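By convention in this document, chain letters (A, B, ...) are assigned in the order of the sequence lines, proteins followed by strands, and residues within each chain are numbered from 1. Note that the structure is a prediction, hence the values are computed from the model and not measured.
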2 protein chains.
Amino acid sequence: MSDKEIPDVIVGRLPRYLRALQRIANDGQRTTSSQELGEQLGISAAQIRKDLSQFGEFGKQGTGYSVTFLVSQLQQILNVDRVWDMALVGAGDLGHAIAHYQGFADCGFRIALVFDSDSQKIGTHVGGFIVQDSASLVAAVKAAKITIAMITVPSNSAQMVSDQLVQAGVRAILNYAPVILNVPDEVHVQYIDPVIHLQRMTFYLD
Amino acid sequence: MSDKEIPDVIVGRLPRYLRALQRIANDGQRTTSSQELGEQLGISAAQIRKDLSQFGEFGKQGTGYSVTFLVSQLQQILNVDRVWDMALVGAGDLGHAIAHYQGFADCGFRIALVFDSDSQKIGTHVGGFIVQDSASLVAAVKAAKITIAMITVPSNSAQMVSDQLVQAGVRAILNYAPVILNVPDEVHVQYIDPVIHLQRMTFYLD
DNA sequence: ATATGTGAAATCTTTCACAGCG
DNA sequence: CGCTGTGAAAGATTTCACATAT
């Protein structure tokens, strides 16, 4: 069901639906509609219905969608009806901020290992974990069977770290360094680069 | 020339072209081609040529593009051939990391004001600036004529901060809080939400 | 009455393929 | 010869509009 053939653009919207639904659930609402979701997200109601229809029939005509049911279905579709352990590579300022961020745990993501290559940082505590030497990364990640990693190292070491992660069996990388990573086809990469977002907006400013 | 009618999807790719070109320039290369750019970015050469052709004829047939010329053209198109002052609201872990990030300065973005509402933080130094009381946000941002802001406050205060920023004349907001902001049509918002990127990848993992 | 799920239509985006220029 | 810029074609995505179910 979570096959390929699902366009990437749809996959990209599903997490946003989930976020909106969780907020609606938090407000104590039992039921919602494609229209309400669409208004909150700035997406047309028809699009939301089409997207969801790729995976099944989750709504009831005349009534809409049960919020909790749709949340659980989306979690299943997105494979987040479980806890994912992650490795964090880079214990600088950004690594610290990420290690302390509560938003991961609430969504089923758990930082399990933290690495840095700086001997000043190795052995220190970050977000409840002890920073390990990057030299042991491949072995440790492999042993822990971790498949998701976040990279918060300087640009010039990001590709090297990425290579090690791939070698250790990682299949998904969230890269905060502003460089494009070269990875095998079976490895997924997402980028977080604030400058790109800013430049996308300055285009429209005078 | 930087009119509307330029599809959003193209605007979204321009900063990526700029990043790739700056790296190529850094490597000391004088000239590049749509093919080379495309290979680095995972985008087809035809697409890059089409995108650029929306703004002018920047290449030479048979030769390709002058790297420095194309960089300067893209900077002009994206309005980053100048320095933009920004306000940062939220001096928590993430705010600290952002305040210390060198990547903004290199791209013409400068943090000019930092705010927090926590009296413990007000008056402390963050990234060379003194954290100011959010109560003075509207006046200070207006006085400094700042039009770009970053929000790194907890989710439940993000909308309130956004309202204040808009009132102060901000036209572009980079929001790190995982909530959708309600802003007038003329205000641009971009979101950075790592969980959404992670969930986009777990879809493809087993 | 209300809101879904969905073919068909409209729109948008990408790729093709080649004329034309250095 | 190599590479751009670009109409035209192909492909993908979004919207429309309505039959259908509660």
Side-chain angles (χ1 to χ4, degrees), chain A residues 1 3-18 20-21 24-25 29-74 77 200 203, chain B residues 1-18 20-21 24 29-74 77 200 203:
Chain A
M1 198 176 274
D3 249 298
K4 189 59 187 174
E5 278 105 63
I6 303 294
D8 222 56
V9 64
I10 293 182
V11 176
R13 279 191 296 261
L14 299 179
R16 308 215 277 133
Y17 298 164
L18 184 52
L21 284 162
I24 289 170
Q29 211 173 305
R30 311 301 235 82
T31 278
T32 188
S33 64
S34 57
Q35 173 147 49
E36 181 180 45
L37 267 174
E39 271 161 24
Q40 293 204 10
L41 289 163
I43 292 176
S44 80
Q47 174 131 86
I48 291 172
R49 293 202 302 277
K50 252 262 147 84
D51 285 353
L52 295 176
S53 76
Q54 298 283 312
F55 302 96
E57 310 200 352
F58 303 130
K60 292 206 200 323
Q61 281 149 323
T63 314
Y65 302 92
S66 151
V67 176
T68 54
F69 177 68
L70 192 50
V71 163
S72 76
Q73 289 300 303
L74 278 170
I77 291 164
R200 229 182 136 136
F203 176 85
Chain B
M1 198 177 275
S2 299
D3 248 298
K4 189 61 188 173
E5 276 105 63
I6 303 294
D8 221 57
V9 63
I10 293 183
V11 176
R13 279 191 296 261
L14 299 179
R16 309 214 278 133
Y17 298 163
L18 184 52
L21 284 161
I24 289 170
Q29 211 174 305
R30 310 301 234 81
T31 278
T32 189
S33 63
S34 58
Q35 173 147 49
E36 181 181 43
L37 267 175
E39 271 162 23
Q40 293 202 12
L41 290 163
I43 292 177
S44 81
Q47 175 131 86
I48 291 171
R49 294 201 302 277
K50 252 263 148 80
D51 285 354
L52 295 176
S53 76
Q54 298 283 312
F55 302 97
E57 310 201 353
F58 304 129
K60 292 206 200 320
Q61 283 148 323
T63 315
Y65 302 92
S66 151
V67 176
T68 53
F69 177 69
L70 192 49
V71 164
S72 74
Q73 289 300 303
L74 279 169
I77 292 165
R200 228 183 139 136
F203 176 85

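If you take CD of A/Glu57 and P of C/dA3, they are 18 Å apart, rounded to a whole angstrom. Atom NZ of B/Lys50 is separated from atom P of C/dT13 by 12 Å (rounded to the nearest Å). Straight-line distance from the CD atom of A/Glu36 to the P atom of C/dT2: 15 Å, rounded to whole Å. One can place OH of B/Tyr65 at 15 Å from P of C/dG22, the figure rounded to the nearest angstrom. In this structure, CG of B/Leu52 is placed 14 Å from P of C/dT14, rounded to the nearest angstrom. Rounding to whole angstrom units, CG of residue A/Leu37 and P of C/dG5 are separated by 12 Å. Computed from coordinates, the A/Phe55 CZ to C/dG5 C1' distance equals 15 Å when rounded to whole Å. Between the CD atom of B/Gln61 and the C1' atom of C/dA19 there is a distance of 9 Å, rounded to whole Å.
Contact check for A/Ile24 versus A/Glu36: side-chain heavy atoms found under the 4.5 Å cut-off. Contact of the B/Leu74 side chain with the B/Phe58 side chain is not registered, since no non-hydrogen atoms from C-beta on lie closer than 4.5 Å. B/Phe203 is not listed as a side-chain neighbour of A/Ile10, based on a closest heavy-atom distance of 4.5 Å or more.
The salt bridge (Lys or Arg N to Asp or Glu O under 4.0 Å) test applied to B/Arg49 returns no partner, not counting sequence neighbours. Under the salt bridge (Lys or Arg N to Asp or Glu O under 4.0 Å) criterion, A/Arg200 pairs with B/Asp8, sequence neighbours left out. Scanning for salt bridge (Lys or Arg N to Asp or Glu O under 4.0 Å) contacts around B/Arg16 gives an empty result, with sequence neighbours left out.
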Tabulate protein N/O versus nucleotide N/O from nucleotides 9-12 of chain C, keeping only pairs under 3.5 Å, one per line.
none

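Contact check, B/Thr63 against C/dG22: no side-chain N or O comes under 4.0 Å of OP1 or OP2.
Scanning all heavy atoms of the two residues, the minimum distance from A/Ala20 to A/Leu37 falls at CB-CD2, 3.7 Å.
For A/Ser34, taking side-chain heavy atoms from C-beta onward, the closest of the listed nucleotides C/dT4, C/dA17, C/dT14 is C/dT4.
Residue pairs meeting the side chain to side chain donor-acceptor pair (under 3.5 Å) criterion with at least one member in residues 55-65 of chain A: none, sequence neighbours excluded.
Each of A/Gly62 and A/Gln47 has a nearest nucleotide on DNA chain D; the 5'-most of these lies closest to A/Gln47. When the nearest nucleotides of DNA chain C are assigned to A/Gly64 and A/Ala46 by heavy-atom distance, the more 5′-ward of the two goes with A/Gly64.
Read 5' to 3', the first and last nucleotides of DNA chain D with an atom closer than 4.0 Å to a heavy atom of chain B are D/dG2 to D/dA8.
Heavy atoms from other residues, nucleotides or ligands lying under 6.0 Å from CD of B/Gln40 number more than 12.
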